[in-house]
Amino acid sequence: MHLFGILLRLAWRNLWRNHRRTIIMLGAIGVGVWAMIFMTALTRGMVDQMITDSIGVLPGHVQMHHPDYRDDPSISNRVSISDAALNEKFDDADFEAWASRVRVPAVITSERESRGVTLLGVDPAAERDISFFDYDEVEGRFLESASDQGIVIGKRLAETLETEIGKRIVLMSQDPENDIADRGFRIVGLYSANTKAIEQAYAYIGKTTAQKMLRVDDATTEVVFLGEDYRNVEPVYEAVTSAVDDTVLVQRWFDIDTYLGTMLGVMDGFVLVWVVVIFLALSFGLVNTLVMAVFERVREIGLMLALGMKPASILGQILIESMFLLALGLAVGNFLAWATIVPLQDGIDISVVAEGMEMWGASSMLYPKLYASDMILASGVVLLLGFLASLSPAWRASRYEPVEAITKV
Amino acid sequence: MSAVRCVNLCKTYRQGDQDIKALDHVSIEIDEGDFVCLSAPSGGGKTTLLNAIGGLDIPDSGEVYVAGGRIDNLSKGELADLRLKQIGFVFQAYNLIPVLTARENVEFVMQVQGVPSAERRDKSNAILKEVGLEGLETRRPGEMSGGQQQRVAVARAIASRPALVLADEPTANLDSKTADELMELFTQLNKHHNTTFVIATHDQRVMTYAGRLIRMLDGRIVDDIDQRAA
Ligand SMILES: Nc1ncnc2c1ncn2[C@@H]1O[C@H](COP(=O)(O)OP(=O)(O)OP(=O)(O)O)[C@@H](O)[C@H]1O
Ligand SMILES: [Mg+2]
């Protein structure tokens with residue numbers, strides 16, 4: 001303990017011997033650590049939002065379909081449980097939200113253009129919490145009930161079709177007998193979404209209206225369930241699975257969207273790689289600083305050895321000095337990260353660059369996410385790798401020959 | 001038992017294409033409680049001999065015994081232990097750790113030895129007072145004169161009460177009055193604690209304090225006088 005005390009003291013004093021160098025190093029480590037955490041928070045925020053945007057809405061966390069619906073998403077592959085029976089099963093269940101809907105491909109035609117869309121026959125009351133837009137922000141109005149006679153489409157689609165609220169369009173799809181099922185609708189509302197692609201994709205009509213148009217009584221093609229957290233969907237999945245038999249297929253979001261599922265997994269790996277890459281850049285400065293420091297102190301290190309201090313203590317002293325430097329740098333970096341990310345958590349407007357990123361579902365606001373686990377990971381990696389990088393200069397110092405140190409005049 | 005015994009020590013350095021015999025078949029025996037001065041012109045081999053005795057440097061041939069044990073075949077770790085626990089050093093060229101204060105420098109050896117802090121503090125204060133550095137305890141080496149630094153080094157060498165003190169030119173930077181005081185202190189320690197002193201010096205005045213004067217020239221012992229007998 002006495003020995004450790006003197007090692008701590010020597011390490012600390014030596015650290016401040018060359019103020020300038022230490023402060024520059026602290027700055028470099030601080031900025032490096034800041035960059036590690038800041039970039040990680042941005043990426044986390046982006047992925048988080050991408051996933052929330054794409055599954056927290058419309059698709060939900062768990063979905064139920066006819067087993068063949070994935071291959072052929074048409075009205076022929078209906079959920080075999082009637083809508084009435086579904087209500088009975090799930091009305092009292094402990095989900096954030098759930099909804100059954102008719103979801104089939106359709107063609108929408110205005111007097112000028114036609115486009116393929118995904119037709120959603122929904123019950124607006126049930127969908128409120130699973131919707132990617134706020135009903136109140138719909139231009140015009142959203143559907144008022146499952147038997148509403150109007151249609152709501154995205155703003156972008158309206159532009160493409162060169163139509164507007166109040167005009168009529170024709171929807172065309174197929175009934176279970178593969179006969180044409182079509183109907184005219186009046187546009188009652190236009191919704192906006194984070195991405196233009198979504199605004200082009202979905203057309204909303206009332207669920208009952210859709211069932212009538214497609215001649216399927218009270219059948220639906222898709223039931224979605226929303227739990228509390230997309231990272232923890234097992235409780236929802238189990239609740240749904242235990243309530244149904246194998247005439248339907250129940251899947252979690254990452255079973256359906258394997259790309260997003262994989263992305264979440266890859267994130268952790270990415271964070272680690274990013275942290276290590278920045279550290280490698282830092283390590284050059286760190287090792288260089290230590291090599292210089294050790295080189296400048298040949299004589300006093302030799303003196304300590306001559307007086308009977310063990311080489312292991314010299315090694316320890318240099319390592320402690322390096323750990324002090326890293327720990328201070330980490331404190332600076334973590335503080336900087338915290339101080340810069342917290343004010344940005346309300347969102348950064350990136351609409352200038354967002355257009356180009358829409359293809360992978362990014363929206364125009366970025367919400368950085370500061371996770372304690374990421375700060376700990378970055379700090380842990382820096383300390384561990386810093387320790388390893390310091391071993392070589394520290395080892396070299398402990399091998400000095402004491403005679404040379406004390407006889408050179 | 002003799003405190004130090006050297007048998008046929010040889011040490012050769014190569015300088016350019018010339019071989020320099022820093023030690024040339026040196027054999028000496030120093031008894032416990034001896035007060036020995038080692039005198040030689042510059043380059044005579046004083047430092048080389050002290051380093052061999054102190055286990056800092058291994059001679060090319062010959063044997064070195066300290067406190068009865070042979071040391072020239074010990075491992076580095078064992079030598080470090082020997083230096084730490086049994087020998088007090090005043091080096092010729094470089095003595096103090098720049099980031100430590102005078103007192104911390106004096107306490108350094110004791111701290112590495114594991115002496116409790118209260119005891120260290122008492123001993124270092126007493127010794128610093130004896131070498132006339134009272135009031136300068138918290139100065140760092142850079143804030144002291146050469147002579148003051150030298151006295152801190154001496155204080156460190158004797159603070160832990162080693163059985164053997166090896167001092168290389170301990171009075172080099174001191175005025176004659178301080179040098180005298182220091183030699184008085186050494187003499188006291190030698191008398192009261194039976195500490196063995198081996199002091200390398202050019203200084204005629206220092207030699208007068210010695211019980212035994214060994215003269216070297218070009219790595220050989222040329223004279224060995226017992227001054228007490230005389
Ligand atoms: N590391 C070394 N490399 C080469 N030659 C050395 C080395 N150390 C000592 N010598 C030589 O060995 C001889 C003895 O040196 P030493 O330092 O023992 O002399 P000294 O009596 O202590 O001299 P001084 O009074 O100047 O300190 C000298 O000729 C010196 O040049
Ligand atoms: Mg010398």
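Every chain is numbered from 1 and lettered A, B, ... according to where its sequence line falls, protein lines coming before strand lines. If you're wondering where the values come from, they're calculated on a predicted model, not measured in any experiment.
Taking chain A as the reference chain and counting heavy-atom pairs below 4.5 Å, the highest number among B:G77, B:P98, B:A157 is found for B:P98. Between chain A and the options B:N95, B:D168, B:L79, the largest number of non-hydrogen pairs under 4.5 Å is found for B:N95. Between chain A and the residues B:L96, B:L100, B:D81, the largest count of heavy-atom pairs under 4.5 Å involves B:L100.
Heavy atoms closer than 4.5 Å to chain A are found in the side chain of B:K76, but not in its backbone. Within the 4.5 angstrom heavy-atom criterion, only side-chain atoms of A:R9, from C-beta onward, approach chain B.
The shortest heavy-atom contact between A:L383 and A:M323 is O-CE, 3.8 Å. Looking at every heavy atom in both residues, B:R156 comes nearest to B:F89 through NH2-O, 3.8 Å.
Of the possible donor and acceptor atoms, one in the side chain of B:E143 sits under 3.5 Å from a partner among the backbone N and O of B:R140. Looking only at distances, no side-chain donor or acceptor of A:Q317 sits under 3.5 Å from a matching main-chain atom of A:I314.
Between B:F186 and B:F35, the ring planes are tilted. Angles from 30° to 60° get that label.
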